[in-house]
Protein chains: 2
Amino acid sequence: MNVTPESRVKRATIEDVAKLAGVSRQTVSRAVNDKAEIDAETKRRVLDAARSLNYRPSRFARGLIRQDTTTLGLIISDIGNPFFPELASGVLRAAQARDWQVVLYDTGEDPEREVLALSTLAAQADVGAGFLTSPEVFAHAERLGVPFAVLDPGWDAGAAPGVGIDIAGGVRLAVRHLAAAGHRRIGMIDGAAGPHDKRRTSFLAVAEELRLDVGEDDVQSAPRSVEGGAEAIGVLRARKPEITAVFAYNDILAVGAVRGLKAAGVRVPEDFAVVGFDGLPLGELVEPPITSVYVDIRRMGELAVAAAAELLAGRTPEPVVVSPELRVRGSA
Amino acid sequence: MNVTPESRVKRATIEDVAKLAGVSRQTVSRAVNDKAEIDAETKRRVLDAARSLNYRPSRFARGLIRQDTTTLGLIISDIGNPFFPELASGVLRAAQARDWQVVLYDTGEDPEREVLALSTLAAQADVGAGFLTSPEVFAHAERLGVPFAVLDPGWDAGAAPGVGIDIAGGVRLAVRHLAAAGHRRIGMIDGAAGPHDKRRTSFLAVAEELRLDVGEDDVQSAPRSVEGGAEAIGVLRARKPEITAVFAYNDILAVGAVRGLKAAGVRVPEDFAVVGFDGLPLGELVEPPITSVYVDIRRMGELAVAAAAELLAGRTPEPVVVSPELRVRGSA
DNA sequence: TCGGAGCCCGTGAGCGCTCACGGGAGCGCT
DNA sequence: AGCGCTCCCGTGAGCGCTCACGGGCTCCGA
């Protein structure tokens, strides 16, 4: 498994230090963890010996005894997407408050790598949290026996512990906003991996509920990047010229859509409206700023850690869902 | 230290599973790590017992024996700054290639928290990497005995192992570019914590070298945020109305500066030029796109991991410095 | 009938550290 | 002299697991 067979330099043990300093293990331990019951001079001698041997206590041996350090494994899809640093920020903050360690796994939204990450996470961390692309992957986590707090990714997490997002509610806000502005033909730029994504299905459902003239083929899939969004809006408008607004899977795609529109000479929001999802700070910087369904991502991270803590304590965490709100800015 | 005295549920040991399944530890081990020399039926029974007890092998006990898992502690200043996710991306990629774990520490650029992070890192990881605000903090790392690959943050890392940036060279590119466009009075928006930051000193040095009319008070400090940049440009122009261009400490500040200028009705780049540093993807999204000194941040991350690997092997890594290049976009 | 080869399983040892002890040396006190 | 301190320091045990053995069992061919 380990790709690099580099000769790790074998570390000095407490015994080595003890021998060199002419004392016992226990005395070395006392010196290193600066406890009482040790003579100042002895301590200095031991510390010198330790330094000269480049001694550092083994975290494994130490962890075996004082089982007090907790490690959380955080699984994210793509750290290049500003959404995830935002999430990590919340997780990190909450973890630090509890004195937890956080190890990071970036899966690139690849189910295989998710399973892999989950496996190593199970071996390296006490508890996990993060986004998973499918229920199957989560089932894998359960099979491994790792407590895992799922962040609602679009599939219905159902009874899985973690923190959910009221995606349907968020989508409703977005589509309602567009409808209220008079748009009847609204497209969607979809960034989901599978076809059963909640944002997509909610979009279709809300459109039907509002009796808008919207169907399956008003949805255009795209890779989750600015370029993907720009390209998708072009494809969509070529196919459906009557469309006057789009709802984008996330802000990255929305930014791309706006970019694509501007490049095509379409004015936003005068000629065409765009609404995004996530409410990233990034959305405020572009011209026009993106109207978006804001989700308190940092809080999600904090809640995820709280849920993980519950799982670790053997309890089942309270189900929580965060409610998005619409942030009307310039693009719609 | 541990803020939350939550009762961690004590985990089942291999012995518990062995007892329940009516076999020996070794057999349980064989089943769990699916090795040979075990009957299929026995294996199933053991695995059932393990599941019912919610057994997961202790990573500490396991690590004590097979010392094959390497953990890298990554110290960053602020995950909210897009620079760092970019860096983390490179680190993660390189770490994954070596089958390393990455634990993350966000210090908020606070020296105290840096020292704290370094201490826990020393206890939890095999090797560290990241940005440190001062040589003093690095000295702390050395005192702790952790091998640490420093990413050149602005102070002169000198003999410290790690990967440097040719900041002076980068700044030269930026200022030269502005001077070539005819700017004689150039300001700087500084985001550094201390006054001896390389970007600042290089800026002053290059300006003098080019015999520009630039002095100490053409440098305006600002918190590293978009708002900080916007505010700083206002202050700077109020104090020095004759300035026609600024060099910003990083792209975030540059974006803020452009924002501030546009809000004040100043056209960029026609009336005023702005050059940033880092070359973040973000800079391409704003209007006008930010001309910036591009640094290959991901590669820096990869190089940092390589340096860390060298340190771990007991060797001293080759000194490397990455050379920035100017990416001329719209703002200058 | 018996030896040898598989197959399956268990036993001691030890990874590097800390915890709970126990104990010697030195001192002042009765 | 004897007692009881305090101040240091060392010795076993054990955390939970894997590795290197060893050994019983069945089956088969000589």
Side-chain angles (χ1 to χ4, degrees), chain A residues 1-2 8-47 49-50 53-71 122-126 144-145, chain B residues 1-2 8-47 49-50 53-71 122-126 144-145:
Chain A
M1 183 66 105
N2 215 323
R8 175 88 60 80
V9 61
K10 71 166 187 336
R11 303 207 315 204
T13 77
I14 199 173
E15 201 76 41
D16 299 329
V17 179
K19 217 164 288 172
L20 182 62
V23 294
S24 72
R25 297 175 321 223
Q26 180 62 7
T27 303
V28 175
S29 176
R30 277 190 266 256
V32 172
N33 306 336
D34 50 32
K35 293 203 210 159
E37 306 201 353
I38 183 172
D39 185 71
E41 159 62 17
T42 314
K43 182 169 178 176
R44 203 192 48 73
R45 214 173 66 242
V46 169
L47 255 26
L53 287 179
N54 220 314
Y55 169 73
R56 273 195 313 140
S58 151
R59 67 171 179 284
F60 295 115
R62 196 173 256 178
L64 201 49
I65 305 176
R66 339 189 308 217
Q67 348 225 34
D68 52 358
T69 52
T70 340
T71 304
Q124 305 294 341
D126 299 298
L144 286 167
Chain B
M1 185 65 103
N2 215 323
R8 175 89 60 81
V9 60
K10 71 165 188 333
R11 304 206 317 202
T13 78
I14 198 174
E15 200 76 42
D16 299 329
V17 179
K19 216 165 288 171
L20 182 62
V23 295
S24 72
R25 296 173 323 218
Q26 180 62 8
T27 304
V28 175
S29 176
R30 277 190 266 256
V32 171
N33 306 337
D34 50 31
K35 293 202 210 158
E37 306 202 352
I38 183 172
D39 186 70
E41 159 62 17
T42 315
K43 183 169 178 175
R44 203 192 48 72
R45 213 173 66 242
V46 170
L47 256 26
L53 288 180
N54 219 314
Y55 169 72
R56 272 192 316 139
S58 150
R59 70 171 178 283
F60 294 115
R62 196 173 255 178
L64 200 49
I65 306 176
R66 338 189 310 216
Q67 351 225 29
D68 53 358
T69 52
T70 326
T71 303
Q124 306 294 341
D126 300 298
L144 286 168

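Letters A, B, ... are given to chains in the order of the sequence lines, protein chains preceding strands, and every chain is numbered from 1.
Using a 4.5 Å heavy-atom cutoff, the side chains of A:Asp34 and A:Lys43 are in contact. Looking at B:Val46 and B:Tyr55, their side chains never come closer than 4.5 Å, going by heavy atoms from C-beta outward. You'll find the side chain of A:Arg62 reaches within 4.5 Å of the side chain of A:Asn33, heavy atoms only. Two residues are said to be in side-chain contact when any heavy atoms from C-beta on lie closer than 4.5 Å; A:Ser29 and A:Val32 fail this criterion.
For A:Arg66 and C:dA20, the CZ to C1' distance is 16 Å, given to the nearest whole Å. We find that CD1 of A:Ile14 is positioned 19 Å from P of D:dG14, with the value rounded to whole Å. Remark: P of D:dG10 and CG of A:Asp39 are 12 Å apart, rounded to the nearest angstrom. Note: CD (B:Glu15) to P (D:dT18) measures 12 Å, nearest angstrom. Atom CD1 of B:Ile65 and atom P of C:dG14 are 13 Å apart (whole Å). Taking atom CZ of A:Arg11 as the reference point, atom C1' of C:dG16 lies 10 Å away to the nearest angstrom. We find that CD of B:Gln26 is positioned 13 Å from P of D:dC21, with the value rounded to whole Å. Rounded to an integer number of Å, the gap from CG of B:Leu64 to C1' of C:dC15 is 4 Å.
One N or O donor and one acceptor, one from the side chain of B:Arg30 and one from the base of C:dG10, sit under 3.5 Å apart. Between the side chain of B:Arg59 and the base of D:dG16, no donor-acceptor pair of N or O atoms lies under 3.5 Å. Checked by distance alone, A:Glu37 brings a side-chain donor or acceptor within 3.5 Å of a matching partner on the base of D:dC9. The base of D:dG16 lies outside donor-acceptor range of the side chain of B:Arg56, with no N or O pair under 3.5 Å.
When the side-chain nitrogen and oxygen atoms of A:Lys35 are compared with OP1 and OP2 of C:dC19, one or more of them lie within a distance under 4.0 Å. Contact annotation: A:Thr42 side-chain N/O to D:dC9 OP1/OP2 distance is under 4.0 Å. One finds no side-chain N or O of B:Ser24 lying less than 4.0 angstrom from the OP1 or OP2 phosphate oxygen of C:dC9. Taking 4.0 angstrom as the limit, A:Thr13 places none of its side-chain polar atoms (N or O) nearer than this to OP1 or OP2 of C:dC15. Regarding contacts with the backbone of C:dT18, a side-chain N or O of A:Ser29 is found under 4.0 angstrom from either OP1 or OP2.
Nucleotide C:dT30: paired with D:dA1 (Watson-Crick or G-U wobble, both distances less than 3.5 Å).
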Query raised in the report: Does the salt bridge (Lys or Arg N to Asp or Glu O under 4.0 Å) test come out yes or no for B:Asp126 and A:Arg59, once each step is laid out?
Result: CA-CA 9 Å; B:Asp126 300 298; A:Arg59 67 171 179 284; 2.9 Å; yes
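The side chain of B:Arg62 lies closest to D:dT18 when the candidates are C:dG10, D:dC9, D:dT18. When distances are taken from the side chain of A:Ser58 to each of C:dT18, C:dG16, C:dG10, the shortest belongs to C:dG16.
Among the heavy atoms of the strands, none lies under 4.0 Å from B:Lys43.
When every heavy atom of B:Phe60 is checked against every heavy atom of A:Thr69, the shortest pair comes out as CZ-OG1, 3.7 Å.
Of the two residues near DNA chain D, A:Arg45 and B:Ala12, the one whose nearest nucleotide lies more 5' is A:Arg45.
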